[in-house]
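Let me begin by presenting the structure, written as structure tokens, before commenting on it.
Each chain gets a letter, A, B and so on, in the order its sequence line appears, and its residues count up from 1.
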Number of protein chains: 2
Amino acid sequence: MGIKDDAVEVRAQGWRTLAALHGLIEAELERSLQAVAQLSVVEYTVLDALSRQDGWHMRMQQLARATALSASATTRLVTRLEDRGLLTRILCADDRRGIYTELTPKGVDLLEEARPSHDAALERALAGAHEVPELAPLVDALPRLHARV
Amino acid sequence: MGIKDDAVEVRAQGWRTLAALHGLIEAELERSLQAVAQLSVVEYTVLDALSRQDGWHMRMQQLARATALSASATTRLVTRLEDRGLLTRILCADDRRGIYTELTPKGVDLLEEARPSHDAALERALAGAHEVPELAPLVDALPRLHARV
DNA sequence: GCGGTATAGTTGCTTGTGCAACAATAAATA
DNA sequence: TATTTATTGTTGCACAAGCAACTATACCGC
């Protein structure tokens with residue numbers, strides 16, 4: 001087994017670890033968000049992304065990228081949230097193909113209501129993952145990516 | 001903003017980064033595996049997990065954990081692969097509730113055929129992700145988790 | 001051994017997702 | 001300006017996923 005093969009195997013193992021941790025966290029968030037706000041993880045992701053956006057509006061395609069979803073899934077996701085009154089579609093004046101989505105006050109409220117639960121669930125999930133030997137190193141590495149210090 | 005709030009935000013950002021990278025990689029693998037072997041990422045994950053198992057057999061529940069899938073999804077996933085002749089169900093002698101799944105020679109062949117393409121796609125995805133500033137640190141951290149040196 | 005509880009896996013049903021085809025608008029080219 | 005080409009978002013369709021309910025087997029206390 002040469003150096004090159006090692007690199008391949010190391011990448012594969014890294015990916016498996018990443019996928020496993022992702023799965024754990026997503027499951028925990030899903031349970032938590034569903035319980036507290038009847039939101040799925042992607043739905044929360046949309047609301048959160050919009051809330052961290054200047055003016056609280058984003059275009060469909062930005063949303064698709066932010067959620068790693070297809071265009072069609074994004075359309076229906078936005079429709080779903082719009083039907084619940086959590087955001088609104090706003091036609092784009094300068095580019096009439098484009099559509100902005102914007103949080104409604106109700107959307108902001110629900111997000112603020114869900115956020116503490118989300119954050120707690122994330123913390124729980126990471127703590128739980130840290131107990132799994134294969135996942136612990138990644139859990140430790142994660143906060144170092146963006147730490148201020 | 002206190003220290004505690006910072007920790008929450010750091011975790012959230014770490015999670016967003018993890019999810020984004022996961023999405024990119026999964027999409028790239030999906031395309032690649034679909035093209036070369038008509039396999040989805042989870043399907044490949046099952047075959048790969050079985051191949052790295054002594055005796056090439058696993059129980060349904062192990063598989064469910066390895067793929068981060070529900071029990072019912074696992075049942076149908078295994079059924080799908082069984083219908084294609086890539087693995088077989090084997091009744092467990094000592095625990096008659098349990099069911100082992102085992103790769104068939106055909107399954108091994110397909111896996112070996114798909115693996116190079118999978119590994120290349122993974123490498124491409126990581127290289128691509130490395131170009132995205134927010135993702136680069138995580139991409140760099142990944143191979144260090146399990147590196148031999 | 002016998003009833004109650006826990007565990008393993010499967011099935012019905014509903015829902016979210018991706019792909020491909022589409023409509024509408026913008027941008028490029030002649 | 002007219003025509004092609006690219007981009008943005010939406011819809012029809014097929015399929016995979018989760019939840020809850022179910023069957024079958026194992027385990028535990030009596």
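- Atom CG of A:Asp54 sits in a sparse spot, with 12 or fewer heavy atoms from other residues, nucleotides or ligands closer than 6.0 Å.
- In summary, B:Arg76 and B:Glu82 do not engage in a salt bridge, as defined by a charged side-chain N under 4.0 Å from a carboxylate O.
- Close approach of DNA chain C to chain A, defined as any atom under 4.0 Å from a non-hydrogen atom of the protein, starts and stops at C:dG16 to C:dA26.
- Between the CD atom of B:Gln34 and the C1' atom of D:dA14 there is a distance of 13 Å, given to the nearest Å.
- Using a cut-off of 4.0 Å between Lys/Arg side-chain N and Asp/Glu carboxylate O, B:Asp140 and B:Arg144 are scored as not salt-bridged.
- For the pair B:Gln38 CD and D:dA16 C1', the interatomic distance rounds to 17 Å; values are reported in whole Å.
- Not a single donor-acceptor pair under 3.5 Å links the side chain of B:Thr101 to the backbone N or O of B:Arg89.
- For B:Leu91 and D:dA26, the CG to P distance is 12 Å, given to the nearest whole Å.
- The CG atom of B:Leu39 sits 12 Å away from the P atom of D:dA16 (whole-angstrom rounding).
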For this session: Would you give a per-nucleotide map of nucleotides 6-13 of chain D, 5' to 3', where B means the base has a protein non-hydrogen atom under 4.0 Å away, S means only the sugar-phosphate does, and - means neither?
Result: -BSSBBBB
Exercise. Can B:Arg16 and B:Glu9 be said to form a salt bridge (Lys or Arg N to Asp or Glu O under 4.0 Å), step by step?
Worked result: CA-CA 10 Å; B:Arg16 285 195 295 269; B:Glu9 187 45 43; 3.2 Å; yes
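- Taking the charged nitrogens against the carboxylate oxygens, A:Arg52 and A:Asp48 do have a contact shorter than 4.0 Å, which makes a salt bridge.
- Each of A:Arg96 and A:Ala68 lies near DNA chain C, and the nucleotide nearest A:Ala68 is the one positioned closer to the 5' end.
- With hydrogens and angles ignored, the 3.5 Å screen pairs no side-chain donor or acceptor of A:Ser32 with any backbone N or O of A:Ala121.
- In terms of heavy atoms, B:Leu122 sits closest to B:Leu29 at N-CD2, 3.7 Å.
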